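Working notes, beginning with the structure itself.
Fair warning: this is a prediction, and the values are worked out from it, not measured in the lab.
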Amino acid sequence: MIKRLARCIREYKWATLLSPVFMIGEVTMEILIPLVMADLYDYGVVMQDMDMIVRKSILLVCCALASLTFGCMSAIMAAKAGTGFARNLRHDMFHHVQAFSFHNIDKFSTASIVTRLTSDVATIQMTFQMMIRMAVRCPMMLTLALISATRISAKLSLVYCVTIPILIMALVCLVPKVFKIFDRAFKTFDRLNNTVQENIHGIRVVKSFVREEKEIQKFTDISTTISSDFGKAEKILALNGPVMQICVYSSMLAISWIGAHMVVRSGNLPGGELTTGQLSSMFTYTTQILSSLMSLSMIFVMLTMSRTPMRRCSELLAEVPDLTSPETAVTEVKDGSIDFDGVSFRYSETAQHRTLKEIDLHIPAGATVGILGGTGSGKSSLVQLVPRLYDVYEGSLKVGGVDVREYDLDTLRSEVAMVLQKNVLFSGTIKDNLRWGNADATDAEMEHACRLACAHDFITAFPEGYDHKIEQGGTNVSGGQKQRLCIARALLKKPKILILDDSTSAVDTHTDAMIRQAFREEIPGTTKLIIAQRIASVQESDMIILMDNGTIGAVGTHEELMRTSQVYQEIYYSQQKGGLE
């Protein structure tokens, strides 16, 4: 896990290395300052040696400036390394998600992916910065301060043998209790993000069913759970403070009492058992030792908090895309012919039932194929196999005479344009959305595609025309307008295969007929797969496929199916004047 995340350091490895190096310099200076101050007092002030006072004062100022410089440089390097590491981590995760198949994406909820890319990365960034600074500073400060204090007075240093174990025992008792709480809290964040996302996305439904209070209560419950968990953790961690203060001040009292007797016995003379300057240095080292232990406890807490985010981000990076291009991939799609040969499909390896069962079908290039069937009959699953959004479970699927698994993925998908059931528009202008189909499309090409999709008229009705701003998700256009814009975007790809997955359900029958007529006249060489609920939308197709529970129930033209398929007849008559005839 750590090795996988460490790969994201990359170009910031020097900043990552220099930060602890500068921190070592800062700690060294901070350890030297009490020693210099002790000499300044003992050999300068007590002995009334002005030359010694001046020399030690200059040395003290130099040590302080050096400590400040090293500390600033360490902070700068840590900030540079931390922000760069977080940027690379987000980039790698987002780039990796783009390579996921639908099957990979189905393993992670949208809210979970968003949480991993935002708050999880932020937590890891803070921990990373702390590790390259405080994780170096605290152990080194603790070690050097103990050595320096022991060199001054081994007898007084015995005080630490009592206080340090007490503080360590307190940390060992408190920190593990926080582990489980933080682990639970970060899982709750996923639920919170999911609730917010669902509410904002479906705000119109929420308002139409007057569910505002219920949604507010749901959000409040989850927020309260998170607040409660973090509150419990903070209460436990707050006990660190009193324990720390008790240990510090107990050590101070013990050192003051014992040290004062030692100073008096030695006459406060340099070279004696203990001097006043050395006693003051012991106070400084006591604070440094115990504060280092306190900081180490906070490092453990941060590691605890970041353990779950690190695991979650590592899981996302470790997910292997199950749809990849072969090493010797085919980079040209000859035509739009489609051949299903004994194709079966299921959405997961553990699924007990197959979504599609032994599909055998040949669709010639340039044909218009209508696909009908009830909900859950496998219509969308069938067409999603063509651009290899999923892989077949059994059998083979060929496009242009080549198995889709042999194609370069980008090559195959650039020749297949698909308008899904859930039409998605992105924030930006209409032109920005259309250019998803062809980044180099001219204004004339965009206008032509929109005329084919019957979108040009309503676009020009906007004051800004093709520069009209589309809000996120296309919420400021109607469902029918959104569908027509998505169709125009697909047409700009000039694909060999065009798939319309119930993509004209929100337009009126007249507009639907005009779009189909434009397809016949303008793109006769493109293979068109049209999933529809209305027979009128596919009645003039070269071939109509009737799906039934994952199998092909019947295939033929409208006239043939009217003679041979009772199911097709029932659908047809039910849509003619409500089936009264």
Side-chain angles (χ1 to χ4, degrees), residues 98 331-336 338 365-369 383-384 386-389 399-400 407-462 464-474 476-507 511-512 514-531:
Q98 300 308 301
T331 56
E332 181 184 1
V333 180
K334 293 181 180 179
D335 56 52
I338 305 171
T368 299
V369 179
V383 297
Q384 286 178 358
V386 176
R388 205 185 168 200
L389 299 178
V399 171
Y407 279 112
D408 175 74
L409 276 175
D410 291 342
T411 298
L412 175 64
R413 291 173 182 173
S414 64
E415 295 294 350
V416 179
M418 191 168 186
V419 185
L420 300 170
Q421 278 180 315
K422 295 182 179 180
N423 298 284
V424 177
L425 294 176
F426 298 87
S427 55
T429 64
I430 290 178
K431 283 185 178 180
D432 293 335
N433 277 274
L434 292 175
R435 286 197 171 105
W436 275 64
N438 181 1
D440 301 319
T442 63
D443 290 348
E445 288 175 328
M446 286 189 283
E447 181 178 332
H448 179 67
C450 289
R451 287 184 183 278
L452 291 181
C454 296
H456 177 72
D457 291 342
F458 80 77
I459 292 174
T460 53
F462 293 127
E464 304 89 350
Y466 282 81
D467 292 315
H468 178 72
K469 292 286 185 180
I470 298 293
E471 295 179 4
Q472 185 178 10
N476 61 332
V477 291
S478 69
Q481 291 172 337
K482 188 188 298 185
Q483 285 185 338
R484 283 176 278 174
L485 287 173
C486 290
I487 292 172
R489 180 174 63 189
L491 291 174
L492 276 172
K493 289 183 69 174
K494 298 178 181 177
K496 288 185 170 65
I497 299 174
L498 175 63
I499 299 173
L500 302 179
D501 189 352
D502 202 14
S503 303
T504 58
S505 58
V507 301
T511 303
D512 186 14
M514 292 177 63
I515 293 173
R516 286 185 280 109
Q517 182 179 353
F519 286 171
R520 288 194 300 272
E521 296 175 356
E522 298 291 338
I523 51 172
T526 299
T527 304
K528 296 168 282 293
L529 305 181
I530 304 173
I531 295 177

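In this structure, the side chains of D443 and Y466 stay at 4.5 Å or more apart for every pair of heavy atoms. No side-chain heavy atom of V477 sits under 4.5 Å from any side-chain heavy atom of I430. Counting heavy atoms from C-beta on, the side chains of H448 and L491 never come closer than 4.5 Å. In this structure, the side chains of L500 and F519 come closer than 4.5 Å at one or more pairs of heavy atoms. Counting heavy atoms from C-beta outward, L492 and R435 have side chains that stay 4.5 Å or more apart. K469 has its side chain out of reach of E464: every pair of non-hydrogen atoms, C-beta onward, lies at least 4.5 Å apart. For the pair I499 and V386, the minimum side-chain heavy-atom distance is below 4.5 Å. Between V416 and V333 there is no side-chain heavy-atom pair separated by less than 4.5 Å.
Between T429 atom OG1 and L434 atom CG the span is 8.0 Å, to the nearest 0.5 Å. One distance of note links CD of Q517 with CD of E522; it measures 10.0 Å at 0.5 Å rounding. To the nearest 0.5 Å, atom CD1 of residue I459 and atom SG of residue C454 are 11.0 Å apart. Atom-to-atom distance recorded for D408:CG and L412:CG is 9.0 Å, nearest 0.5 angstrom. Taking NZ of K528 as the start and CG of L498 as the end, the distance is 7.5 Å to the nearest 0.5 Å. Here CD1 of I530 is found 9.5 Å from OG of S503. Values are rounded to the nearest 0.5 Å.
Under a 3.5 Å cut-off, the side chain of T526 and the backbone N or O of P495 do form a donor-acceptor pair. In terms of modelled atom types and a separation under 3.5 Å, the side chain of R413 and the main chain of P387 share a donor-acceptor contact. Proximity of a side-chain donor or acceptor of Y407 to a complementary backbone N or O of R388 within less than 3.5 Å is not detected. Put simply, the side chain of T527 gets close to the backbone of G366: a donor and an acceptor are under 3.5 Å apart. Under a 3.5 Å cut-off, the side chain of N476 and the backbone N or O of E471 do form a donor-acceptor pair. Counting only distance, with no hydrogens or angles, the side chain of T411 and the backbone of L409 share no donor-acceptor pair below 3.5 Å.
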Review point. After noting the C-alpha distance and the side-chain angles of I470 and D432, does the key distance pass the side chain to side chain contact (heavy atoms under 4.5 Å, CB included) rule?
Key: CA-CA 9 Å; I470 298 293; D432 293 335; over 6 Å; no
Practice item. Please assess Q384 against M418 for the test side chain to side chain contact (heavy atoms under 4.5 Å, CB included), listing each intermediate value before the final yes or no. Key: CA-CA 9 Å; Q384 286 178 358; M418 191 168 186; 3.6 Å; yes
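Using bins of under 30°, 30° to 60° and over 60° for the plane-to-plane angle, the ring pair F462/H468 lands in the parallel bin.
Sorted by first and then second residue, the pairs that involve residues 487-496 and meet salt bridge (Lys or Arg N to Asp or Glu O under 4.0 Å), not counting sequence neighbours, are E415-K496, E445-K494. Identified under the salt bridge (Lys or Arg N to Asp or Glu O under 4.0 Å) test for residues 479-488, with sequence neighbours left out: none.
Counting all heavy atoms, side chain and backbone alike, A365 lies closest to G336 at CB-N, 3.7 Å.
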